[in-house]
Student: 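Submitted below is the structure of interest, expressed as structure tokens.
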2 protein chains.
Amino acid sequence: MKALKIPEATITRLSIYSRFLKRLDKKGITTVSSGDIAEGVGVSPAQVRKDLAYFGEFGTRGVGYNVKDLIRYTVKILGLSEPWNLVMVGAGNLGSALVTYREFKDRGFSIVGVFDNDLTKIGKRIADLEVLPLEEMPEMVKEYNVRIGIIAVPSKAAQDIADIMIKSGLEALLNFAPISLNVPDYVEVRNVDLSVKLEILTFNLALREK
Amino acid sequence: MKALKIPEATITRLSIYSRFLKRLDKKGITTVSSGDIAEGVGVSPAQVRKDLAYFGEFGTRGVGYNVKDLIRYTVKILGLSEPWNLVMVGAGNLGSALVTYREFKDRGFSIVGVFDNDLTKIGKRIADLEVLPLEEMPEMVKEYNVRIGIIAVPSKAAQDIADIMIKSGLEALLNFAPISLNVPDYVEVRNVDLSVKLEILTFNLALREK
DNA sequence: TAGATTGTTAATCGATTAACAATC
DNA sequence: TAGATTGTTAATCGATTAACAATC
């Protein structure tokens, strides 16, 4: 049992619901309906209930969901009950931005090491981290129990860096380079493409002209 | 006719194909099959052909696609034949990274103005741009024919900034704040959420434990 | 109780894939 | 011609939505 396949879109939305709920909680709101959540994040109420139903029964019929409880449940489902240590390769502008990115901290992510193979960058400081040579990654991965790595290097270098990160013991990669990485089956990869969404906008605007 | 609805996933992939093809072109490769593209970006060959079929017949049976031609077609479809000027609000770390982001330039995007309402940031320089007060946005939007704006401010400020950007004449927003924006129907919005993909990774890793 | 809202099933909708005729 | 690969249709697959019984 529990062989039920969960759509990745459901996980994506769960992450969005979870953060929306935290904002409600901050405002002192204690109860929400699926309709409230739906309106807040721009999906249908049925969608919200269906997404939650994959994981259990969290609401009360006739009443709705307790905000604090639902935050706890969504955080648990997403694997965020415990904090995660991350390492990152690439000490460029994007890398620097990610190290100080507030949203990561808020969700329990902590970048514990920044690496680069550019000698001019090694030794530099980004926030309170010293940029380290790649050779030191395996040690840090082991010491800080790191399972996830962020790739913030140019496309050309991304595959080589991915190989090194995997050899260092990482099981999951968040890749900001706009290329498709080849990795062993046990390694999870997700790409964040900063340019694709922009091109969806240009596509839509270009259509308007006609 | 031509009322055929095109899936947004198709546009997303087209953007990815387009950039993959440019890399092939740089390597001097002149012809590709749908299978080559599929393998290069991690989808099925049928998917590639179907995606292209929404827009025309670009290949030669028994041969494949001419790389340079297909680049031209995909670029045209995505509305990227002409360069786009962008404005951005938010001169923080993320904003700074985006101004210098190579991938944007490569695809014909140019950030022509950076704005902030933080007095300590106004007047500062990011790359070769001076950070300007929001009041100057309408003028710049008009002068540079800007239609798309980037939101790189904290979540709290995002809705207010979006309202101002729309009033300044923008028709499309690329939103890096992890909240759902309320905008008029004619305004296109896409969110880039840096944290969601990371939470898909933690979800998957957390599943492994069991 | 009456009103509200969940949890869940079945119906609908849409996207992906398989398969093959067309054709280079 | 034989082999290869496209363009396209039909079949499959999967996700969303509508609807309603359950129940607070």
Side-chain angles (χ1 to χ4, degrees), chain A residues 1-17 21 24 29-71 73-74 77 180 196 200 203, chain B residues 1-17 20-21 24 29-74 77 180 196 200 203:
Chain A
M1 65 201 281
K2 188 70 182 180
L4 190 54
K5 175 82 165 41
I6 296 152
E8 183 148 323
T10 287
I11 311 302
T12 298
R13 286 187 298 260
L14 234 37
S15 161
I16 293 169
Y17 303 159
L21 290 165
L24 292 187
I29 294 165
T30 58
T31 308
V32 272
S33 68
S34 56
D36 297 334
I37 300 172
E39 207 194 328
V41 308
V43 302
S44 74
Q47 184 72 271
V48 173
R49 297 201 297 279
K50 187 82 214 256
D51 286 335
L52 294 170
Y54 282 104
F55 301 97
E57 305 190 1
F58 306 121
T60 307
R61 287 164 199 240
V63 177
Y65 304 87
N66 176 284
V67 173
K68 279 188 194 300
D69 286 349
L70 197 51
I71 290 172
Y73 288 127
T74 52
I77 291 165
S180 153
V196 161
I200 289 172
F203 171 81
Chain B
M1 68 203 276
K2 186 74 184 181
L4 190 54
K5 175 80 165 43
I6 296 153
E8 183 148 322
T10 287
I11 310 303
T12 298
R13 286 187 299 259
L14 235 37
S15 161
I16 293 168
Y17 303 158
F20 174 69
L21 290 165
L24 292 188
I29 295 165
T30 57
T31 308
V32 273
S33 67
S34 56
D36 297 334
I37 300 173
E39 207 195 328
V41 308
V43 302
S44 73
Q47 185 72 270
V48 173
R49 297 201 299 277
K50 188 82 215 259
D51 286 335
L52 294 171
Y54 282 104
F55 302 97
E57 306 190 359
F58 307 119
T60 307
R61 288 165 198 238
V63 177
Y65 304 88
N66 177 283
V67 172
K68 278 187 194 301
D69 286 348
L70 197 51
I71 290 172
R72 240 193 317 274
Y73 289 127
T74 52
I77 291 164
S180 153
V196 161
I200 289 172
F203 172 81

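Letters A, B, ... mirror the listed sequences (proteins, then strands); counts begin at 1. Computation of the quantities below employed the complete heavy-atom set of this structure, encompassing side-chain atoms and omitting hydrogens, waters and symmetry-equivalent molecules.
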Student: Rounded to whole angstrom units, what separation is found between the CZ atom of A/Phe58 and the P atom of C/dT8?
Tutor: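 To the nearest whole Å, that distance equals 11 Å.
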Student: Please check: side-chain N/O of A/Ser33 versus main-chain N/O of A/Asp36, any donor-acceptor pairing under 3.5 Å?
Tutor: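 Present.
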Student: Can you tell me the Watson-Crick or wobble partner of D/dA10, both distances under 3.5 angstrom?
Tutor: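 Check on D/dA10: paired to C/dT17, both distances under 3.5 Å.
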Student: Between A/Tyr54 and D/dT16, does any side-chain N or O lie under 4.0 Å from OP1 or OP2?
Tutor: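 For A/Tyr54, the contact criterion (side-chain N or O under 4.0 Å from OP1 or OP2 of D/dT16) is not met.
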Student: Let me know the distance between NZ of A/Lys50 and C1' of C/dT5, rounded to the nearest Å.
Tutor: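 So the two atoms are 18 Å apart, to the nearest Å.
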Student: Main chain of B/Gln47, side chain of B/Ser44: is a donor-acceptor contact present, judged purely on distance under 3.5 Å?
Tutor: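 Yes, the answer is positive, given that a donor and an acceptor are paired below the 3.5 Å cut-off.
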Student: Judged by each residue's nearest nucleotide on DNA chain D, which is more toward the 5′ side, B/Val32 or A/Ala9?
Tutor: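 That would be B/Val32.
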Student: Does C/dA22 have a Watson-Crick or wobble mate here (both distances under 3.5 Å), and if so which one?
Tutor: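 Its partner is D/dT5 (Watson-Crick or G-U wobble, both distances under 3.5 Å).
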Student: Provide, to the nearest angstrom, the distance between the CD atom belonging to B/Glu57 and the P atom belonging to D/dT8.
Tutor: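 Interatomic distance, CD of B/Glu57 to P of D/dT8: 4 Å.
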Student: Looking at the side chain of B/Ser33, which of D/dA18, C/dT6, D/dT5 is the nearest nucleotide?
Tutor: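 For B/Ser33, the side-chain atoms sit closest to D/dT5.
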Student: Would you mind telling me which of D/dT6, C/dT16, C/dT9 lies closest to the side-chain atoms of B/Arg49?
Tutor: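 Output: D/dT6.
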Student: Mind checking whether B/Asn66 and B/Phe58 have side chains closer than 4.5 Å, heavy atoms only?
Tutor: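 No, too far: nothing below the 4.5 Å cut-off.
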Student: Distance check needed: C/dT8 C1' versus A/Leu52 CG, whole Å only.
Tutor: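 Rounding to the nearest Å, CG of A/Leu52 and C1' of C/dT8 are 13 Å apart.
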Student: State whether the side chain of B/Thr12 and the backbone N or O of B/Glu8 hold a donor-acceptor pair below 3.5 Å, judged by distance alone.
Tutor: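 It does hold such a pair.
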Student: Contact class for B/Ser34 (heavy atom, under 4.0 Å): base, sugar-phosphate, or nothing?
Tutor: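 B/Ser34: backbone/sugar contact only, no base atoms under 4.0 Å.
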Student: Are B/Ile6 and B/Phe55 side-chain neighbours, meaning at least one heavy-atom pair lies under 4.5 Å?
Tutor: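 They are in contact (side-chain heavy atoms under 4.5 Å apart), so the answer is yes.
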Student: Do any side-chain nitrogens or oxygens of B/Gln47 fall under 4.0 Å of OP1 or OP2 in C/dT17?
Tutor: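 Yes.
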Student: Just how far, in rounded Å, is C1' of C/dT6 from CG of A/Leu70?
Tutor: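 Interatomic distance, CG of A/Leu70 to C1' of C/dT6: 12 Å.
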Student: Taking atom P of C/dT5 as reference, at what distance in whole Å does atom CG of A/Asn66 sit?
Tutor: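 Atom CG in A/Asn66 sits about 15 Å away from atom P in C/dT5.
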Student: Whole-Å distance between D/dA15 P and A/Asp51 CG?
Tutor: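 Spelled out: CG on A/Asp51 to P on D/dA15 is 11 Å.
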Student: Measure from the side chain of B/Arg61, starting at C-beta and using heavy atoms only, and say which of D/dA18, C/dG7, C/dC24 lies closest.
Tutor: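 Closest nucleotide among those given: C/dC24.
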Student: Is there a side-chain polar atom (N or O) of B/Ser44 under 4.0 Å from OP1 or OP2 of C/dT16?
Tutor: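 So the side-chain polar atoms of B/Ser44 never come under 4.0 Å of the phosphate oxygens OP1 or OP2 of C/dT16.
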